[in-house]
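Presented below is the structure to which this report refers.
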Amino acid sequence: MTALSLVVAVADDGVIGDANGLPWHISEDLRRFRELTTGHVVVAGRLTHESVVARLGQPLPRRHTVVVSRRTPPGGPEVWTPGAATVVPDLDAALALAGRLAPDADHPEVVVMGGAQLYARALPQVGMVHLTRVHLEPGGDTRMPEGWLDGFTVVDSTDLGTASGTDVTFQTLTRG
Ligand SMILES: NC(=O)c1ccc[n+]([C@@H]2O[C@H](COP(=O)([O-])OP(=O)(O)OC[C@H]3O[C@@H](n4cnc5c(N)ncnc54)[C@H](OP(=O)(O)O)[C@@H]3O)[C@@H](O)[C@H]2O)c1
């Protein structure tokens with residue numbers, strides 16, 4: 001059975017993105033994201049994947065990105081693109097593929113990395129949330145809905161002042 005987790009940074013006003021990018025730059029959070037996802041299969045919505053490629057010039061290194069898009073061309077369902085990213089038409093196909101790609105085939109771990117549309121679709125199946133609370137109210141066009149963490153319990157929480165001057169809280173939540 002594939003273990004599905006979710007990683008997200010959410011501002012105090014619920015915002016996670018603006019203009020298809022992050023409204024902040026917090027190196028400590030990028031490092032945590034890298035540590036949580038490197039070596040795993042990550043699942044991204046098309047817009048989030050495009051924002052990564054726009055920023056890095058390539059898909060995330062040392063991780064396989066499964067990109068969910070309804071625009072998957074005929075001839076799919078899996079279209080391999082350069083740089084270790086694969087496009088599939090829905091979350092179920094993403095999870096099936098991610099389970100096959102995960103390094104530990106008996107206990108594959110797959111990380112949903114956003115954005116908001118994909119989080120909403122994946123959340124009912126997610127068992128663990130890696131949350132960064134960003135103590136800002138930046139405003140923005142993409143946010144998490146009220147009550148999205150109902151049913152989850154905080155099992156770990158660490159406050160951190162960051163080099164950017166923004167305080168964050170790193171939390172881990174599990175269902176139940
Ligand atoms: N703060 C954070 O931790 C964080 C993390 C990730 C992203 N973000 C931000 O979030 C924003 C992007 O989020 P978003 O909600 O606008 O877009 P998104 O979820 O990244 O991508 C949306 C696209 O993904 C595809 N998609 C999503 N759900 C699908 C489903 N159930 N079935 C089939 N296809 C599906 C569709 O692609 P097609 O249109 O091709 O069909 C859809 O248009 C950006 O600002 C980004 O920077 C923030």
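Both counts, for ligands and for their atoms, begin at 1 and track the order of listing. This one's a predicted model, so the numbers in the text were calculated from it and none came from an experiment.
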Evaluation steps, side chain to side chain donor-acceptor pair (under 3.5 Å), between His135 and Thr169: CA-CA 8 Å; His135 299 304; Thr169 306; 2.7 Å; yes

Close N or O approach (Arg70, ligand 1; < 3.5 Å): yes

CZ/Arg133: more than 12 non-hydrogen atoms of other groups inside 6.0 Å: no

Whether Thr38 side chain and Arg34 backbone form a donor-acceptor pair below 3.5 Å: yes

Polar contact flag, side-chain donor to acceptor under 3.5 angstrom, Thr86-His64: yes

Salt bridge (charged side-chain N to carboxylate O under 4.0 Å, His left out) between Arg46 and Glu50, worked out: CA-CA 6 Å; Arg46 180 192 43 97; Glu50 287 180 356; 3.0 Å; yes

Nitrogen or oxygen atoms of Asp90 and ligand 1 under 3.5 Å apart: no

Atom pair NE2 (His130) and OG1 (Thr172), whose distance is rounded to the nearest 0.5 Å: 6.0 Å

Which segment of Thr132 sits under 4.0 Å of ligand 1 when only heavy atoms are counted: neither

Leu4 CG to Met128 CE distance, which is reported to the nearest 0.5 Å: 11.5 Å

For atom 9 (C) of ligand 1, the protein heavy atom that lies nearest, with its residue and separation: Ile16 O, 3.8 Å

Among Val68, Val87, Asn20, Leu6, closest by any non-hydrogen atom to atom 46 (C) of ligand 1: Asn20

Stepwise side chain to side chain contact (heavy atoms under 4.5 Å, CB included) check, Val8 with Ile16: CA-CA 8 Å; Val8 64; Ile16 66 165; 4.0 Å; yes

Which segment of Arg121 sits under 4.0 Å of ligand 1 when only heavy atoms are counted: side chain

Protein contact of atom 20 (O) of ligand 1 - nearest heavy atom, named by residue and atom, plus distance: Thr48 OG1, 2.6 Å

Ser69 N/O to ligand 1 N/O under 3.5 Å: yes

Nearest candidate to atom 37 (O) of ligand 1, where distance is taken over non-hydrogen atoms, out of Arg46, Met113, Arg143: Arg46

Ligand-side contact atoms (ligand 1) for residue partner Asp18, heavy atom cut-off under 4.0 Å: 45 (O)

Any N/O pair Val8/ligand 1 closer than 3.5 Å: no

Options Ser51, Gly21, Gly17, ranked by nearest heavy atom to atom 47 (O) of ligand 1, top entry: Gly21

Interfacing atoms of ligand 1 (cut-off 4.0 Å, heavy-atom, Leu22): 1 (N), 2 (C), 4 (C), 47 (O), 48 (C)

Steps toward side chain to side chain contact (heavy atoms under 4.5 Å, CB included) verdict (Thr174, Phe152): CA-CA 5 Å; Thr174 55; Phe152 286 89; 5.6 Å; no

Under 3.5 Å side-chain donor-acceptor pair for Thr65 and His49: no

N or O contact, Gly115 vs ligand 1, cut-off under 3.5 Å: yes

Ligand 1 contact on Pro89 by region, counting heavy-atom pairs under 4.0 Å: backbone

N or O contact, Leu47 vs ligand 1, cut-off under 3.5 Å: yes

Ligand 1 contact by Tyr119, heavy-atom criterion under 4.0 angstrom: yes

Nitrogen or oxygen atoms of Ala116 and ligand 1 under 3.5 Å apart: yes

N-O pairing of Asp150 and Arg175 below 4.0 Å: no

Close N or O approach (Ala9, ligand 1; < 3.5 Å): yes

Closest candidate by heavy atom, reference atom 42 (C) of ligand 1, pool Gln117, Arg71, Glu50: Gln117

Among Leu131, Asp159, Val129, the one residue meeting side-chain contact (heavy atoms from CB on, under 4.5 Å) with Gln171: Leu131

